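Encoded as structure tokens, the structure appears first; notes follow it.
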Amino acid sequence: MRHSLTFEDILARARTEWGDLQKKTHISVSAATCGRAAGALEVIDCFKDELGRRNLEVPVIQVGCLGLCYADPLVIISKPGSLRIAYSRVTPQIVPRLVEGYIEGDDPCLDLALGVLETDGDGAAYIPELTRFEHERRIILRRCGYIDPENIAHYIANGGYYALRTALTMTPEEIIEELEKSGLRGRGGAGFPTYRKWQSCHDAGTRPKYVICNADEGDPGAFMDRVVLESDPHAVLEGMIIAGYAVGSEQGYIYVRAEYPLAMERVRVALRQAEEWGLLGENILGSKFSFHVEIAAGAGAFVSGEATALVAALEGKRSEPRVRPPRLAEAGLWGKPTLLNNVKTLACVPVILQKGAAWFASIGTEESRGTAVFTLAGKVANVGLAEVPMGTTLRKLIYDIGGGIAKNKQFKGVQIGGPSGGCLPVSLLDSPIDYDSLREAGSMMGSGGMIIMDEDNCMVDAARFFVDFSTKESCGKCTMCRLGTLQMLQILQDICAGKAGMDDLDLLMALAEDVKTGSLCGLGKTAPNPVLTTLRHFRDEYEAHILRKCCPARVCPDLIAYYIVPERCERGCEHCVLTCPTEAIKGGKGDTKVIDQGKCSKCGTCIEVCPPEYNAVIKVSPVDLLPGAHLASGK
Amino acid sequence: MTTSARNETSIDLKEIFSHYTKEKKNLIPLLQEAQVKAGYLSEEAMEQISYFLGVPLIKVWEVATFYNQFRFVPVGKHHIRVCMGTACHLAGARLILEALERELKIKVGETSPDGNFSLERVACIGCCMLAPVMVIGDRIHPRMTPFKVEEVLIPFAQQQGSPKAG
């Protein structure tokens, strides 16, 4: 038995540790998976080397992701009595300048700075120089990128575990009532009122009960849950512990996607520290309440994100969904009452108890309270994470926060909610983002992945991509999902290859409806959404593929050809000839280069290597447009 | 227990078993650990797990073949994963995969005959701002292009003393 610490002891210890750090000059490097991929660990090594060389005792700590992934590796230098400055895209080359300039000297190297890092009234880190923060409201992400996720003291000193202490003085009923008043709905996609799940699990008579955190973020192109777990794992853990207390459970599981090793590691560290500090395990904070949490590693199945399928995976079975009822609250894990919530839903719980339901409910819209976290990816200028009040328009999110479309291209559409969601066009840019508006538009909130597409993206190809994904990930239980999606995929492949007729579109629509009706779980029911929404909003592209054998975005390989414009080709250059992997380009130095269409594999290397000042290689579609196509083709 | 005659794949999971109870819920974690140890799931490893848990071998196969994570052939010395998530797809991941298949002369899911490379497609590794990405071992290679594929592979090919022709 460990002796139990009081919350006051814990708080004092955490504040001392955090305070000591703030009294020193220190360097924080964004080292979540995104930062690491951009070179954060190399930058950390460089700082350590450089500081060592100059005999400087300056701590270098790893923090999570501030959501500004486009600016990674992001480095923040905090200097007592001076400004806390964030530097973007730091490379090993500029590390010595930062150390000499701002750590040793007083030159903040403003030419390299992104801005000053400050915290607002909610304790959320922001950079006033970036106008995007005027549109954001950070609640779930408020500590992300600001604290060391592997140091529980940082979390506690910044408001962490207050809510747990408060919760332990409340009755479970009071906590659930508070959740009801807050209007919190599930952040995993469907938007089910959270308090109702908690209430039914609380009311269930059988014991033991289980609490599961769903961190099986399967949407390809979404990474909010990864960022939250890697940047602020204790927030999720605290939400879980409170959930355990409220529903009467003593055992929790965090089911993390196998592709997220760092998230898993940080959760593991968080669990260990919470146990050491008496916030997890037996008799939490000296109370009678005990709660344990185990990590379960997913094994790579998109369908595991479905609640009943996840439970099957935890039980060591094939991850297949089952018919509901019974609901998980009645018969979940090993047949016992189970509460299952998404990462972000659980991360909202502590802040609701800390600041009150009324405060939370004052953010967002009537039906969708609070904030929504989105990943902005694809062709947007500032790829990363954003947290906005529910009801913010897509335009604000994509243009004011995301910085618009990269490389001055034209916006075409935005896919929200991944393979289950829908694709929305320019005309819907001003619609608000909330559960119900998105559903009306044929899309869904999903877990919050937002992929922005520009003029170079083919909407038929995008629909084909998502259906291909659903086909591969279908667990095979329901015939319509297993075979219906496969038939849809074949039609889409035919369209992309210019082999389809207009009647195939009717067939596609009919199949889409059948797959929706004939599937048991969310995967099958929503798999046709990308097709239905692109058919609704981008029908002209489907027709161009079918009637004119033309891919307007010049993406679908069977409908495009590469062509070297003779007038632009600099004849002294041989880049394309030397790099073409199939030796399809003929013409030595001084000759006009010609692509042998019979040999061309459409890999795009020639476009990539042609020097931008010539820009001689173009793509044409339909293939008939190819000047002298009959001469250049490989006979 | 039946033992496999193929000595080259011989694997001993006793050490791993010592950390687990014989509960059926441990099937997936055991498969995961066995795969980490050998790089793939051999029939022998699955037989041992089946015996340890008292679960019929067919049930072990049933679960192992369901999940994308499990492999049944050894991976190459350099295991290459190409991200085929949405952001990577839109940025041309298909061309990256094709370039790798062409350069390595293997198809996705295969291991090269010399055991040097293996190629796999993954759904999303969550690094969408660097799309398209590929991962060799643990290292993420950002913003790939078909031409960069060739460049990135050069050091790996040279390591084997067989500089790539062309």
Side-chain angles (χ1 to χ4, degrees), chain A residues 33-34 36-38 69-70 72 217-223 226-227 258-260 296-302 304 313-320 334 375 377-379 383-384 415 418-419 449 451 453 456-457 461-462 465-466 469 472-473 475 557 579 581-582 601-605 608-609, chain B residues 23-33 35 53 55 59-60 62-70 81 83-96 98-99 102-103 121-131 133 135 138-143 145-150 166:
Chain A
T33 300
C34 30
R36 290 180 175 204
C69 299
Y70 67 96
D72 276 329
E217 187 173 45
D219 170 4
F223 48 92
R226 169 179 72 67
V227 166
E259 288 83 348
Y260 290 169
F302 178 63
S304 298
L314 270 179
E315 291 173 349
K317 301 179 190 153
R318 288 164 70 95
S319 191
E320 286 178 0
W334 297 298
T375 42
K379 302 299 180 68
V383 174
Q415 174 82 18
I451 304 275
M453 294 184 252
D456 293 336
N457 294 126
D461 175 69
F465 167 81
F466 287 118
F469 179 86
K472 288 192 170 73
E473 295 296 338
C475 77
T579 52
T582 56
S601 66
K602 297 172 187 174
C603 71
T605 303
E608 187 192 337
V609 298
Chain B
E23 289 169 280
K24 289 195 176 103
K25 66 162 186 174
N26 290 330
L27 176 55
I28 295 171
L30 282 170
L31 289 168
Q32 286 169 329
E33 289 220 26
Q35 175 157 302
L53 291 178
V55 171
K59 287 280 174 197
V60 176
E62 189 188 284
V63 169
T65 52
F66 182 87
Y67 295 95
N68 296 327
Q69 189 187 23
F70 299 118
R81 292 179 293 155
C83 179
M84 300 300 270
T86 315
C88 288
H89 172 77
L90 294 178
R94 180 181 58 82
L95 298 176
I96 309 305
E98 283 173 9
R102 196 166 54 231
E103 291 294 321
R121 54 178 292 162
V122 290
C124 183
I125 55 163
C127 291
C128 305
M129 65 291 175
L130 302 169
V133 298
V135 188
D138 290 330
R139 177 155 183 175
I140 295 171
H141 295 267
R143 300 189 181 91
T145 65
F147 185 57
K148 265 170 83 178
V149 165
E150 205 179 314

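Keep in mind it's a predicted model, so treat the numbers as computed, not measured. Below, read A as the first sequence line, B as the second, and so on, with proteins coming before strands; counting in each chain starts at 1. Quick note: numbers below take in every heavy atom, side chains included, and nothing from hydrogens, waters or symmetry partners.
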Under a 4.5 Å cut-off applied to non-hydrogen side-chain atoms, are [X] and [Y] in contact?
{"X": "A:C603", "Y": "B:R102", "answer": "yes"}
{"X": "B:I28", "Y": "A:K317", "answer": "no"}
{"X": "B:F66", "Y": "A:E320", "answer": "yes"}
{"X": "B:E150", "Y": "A:P581", "answer": "no"}
{"X": "B:T86", "Y": "A:Q415", "answer": "no"}
{"X": "B:Y67", "Y": "A:S304", "answer": "yes"}
{"X": "B:C127", "Y": "A:T33", "answer": "yes"}

For each of [options], tally heavy-atom pairs with chain B at distances under 4.5 Å, and name the one with the top tally.
{"options": "A:G418, A:G449, A:G316", "answer": "A:G316"}
{"options": "A:A297, A:A377, A:G604", "answer": "A:A297"}
{"options": "A:S319, A:G378, A:C475", "answer": "A:S319"}
{"options": "A:A299, A:A37, A:P220, A:A301", "answer": "A:A299"}

Can you tell me how far [atom2] of [Y] sits from [atom1] of [X], rounded to the nearest 0.5 angstrom?
{"X": "A:F469", "Y": "B:M84", "atom1": "CZ", "atom2": "CE", "result": "12.0 Å"}
{"X": "A:R36", "Y": "B:R139", "atom1": "CZ", "atom2": "CZ", "result": "14.0 Å"}
{"X": "A:E315", "Y": "B:K24", "atom1": "CD", "atom2": "NZ", "result": "11.5 Å"}
{"X": "B:R94", "Y": "A:D461", "atom1": "CZ", "atom2": "CG", "result": "7.5 Å"}

Per-residue contact mode, [X] against chain A (heavy atom under 4.5 angstrom):
{"X": "B:A131", "value": "neither"}
{"X": "B:R81", "value": "neither"}
{"X": "B:L95", "value": "side chain"}

Return yes if some donor-acceptor pair links the side-chain N/O of [X] with the main-chain N/O of [Y] below 3.5 Å, else return no.
{"X": "B:N68", "Y": "A:G300", "answer": "yes"}
{"X": "A:E608", "Y": "B:F147", "answer": "yes"}
{"X": "B:Q32", "Y": "A:G298", "answer": "yes"}

Structural part of [X] lying under 4.5 Å from a heavy atom of chain B:
{"X": "A:R226", "value": "side chain"}
{"X": "A:K602", "value": "backbone"}
{"X": "A:D456", "value": "neither"}
{"X": "A:I451", "value": "side chain"}
{"X": "A:A296", "value": "neither"}
{"X": "A:E473", "value": "side chain"}

Best-contacting candidate, [options], against chain A by heavy atom pairs under 4.5 angstrom:
{"options": "B:G85, B:P29, B:G92", "value": "B:G85"}
{"options": "B:L90, B:L27, B:V55", "value": "B:L90"}
{"options": "B:P142, B:C128, B:A99", "value": "B:C128"}

Next on the checklist: With a sphere of 6.0 Å drawn around NZ of B:K59, does it hold more than 12 non-hydrogen atoms of other residues, nucleotides or ligands?
Outcome noted: no
Can you name the nearest heavy-atom pair linking [X] to [Y], along with the distance?
{"X": "B:M129", "Y": "A:C34", "value": "CE-CB, 2.7 Å"}
{"X": "B:E98", "Y": "A:S601", "value": "OE1-O, 4.4 Å"}
{"X": "A:R318", "Y": "B:V63", "value": "N-CG2, 3.9 Å"}
{"X": "B:C124", "Y": "A:G221", "value": "SG-N, 3.2 Å"}

Item to check | For B:Q35, all residues meeting side-chain hydrogen bond (donor to acceptor under 3.5 Å, both in side chains), sequence neighbours excluded | outcome: none
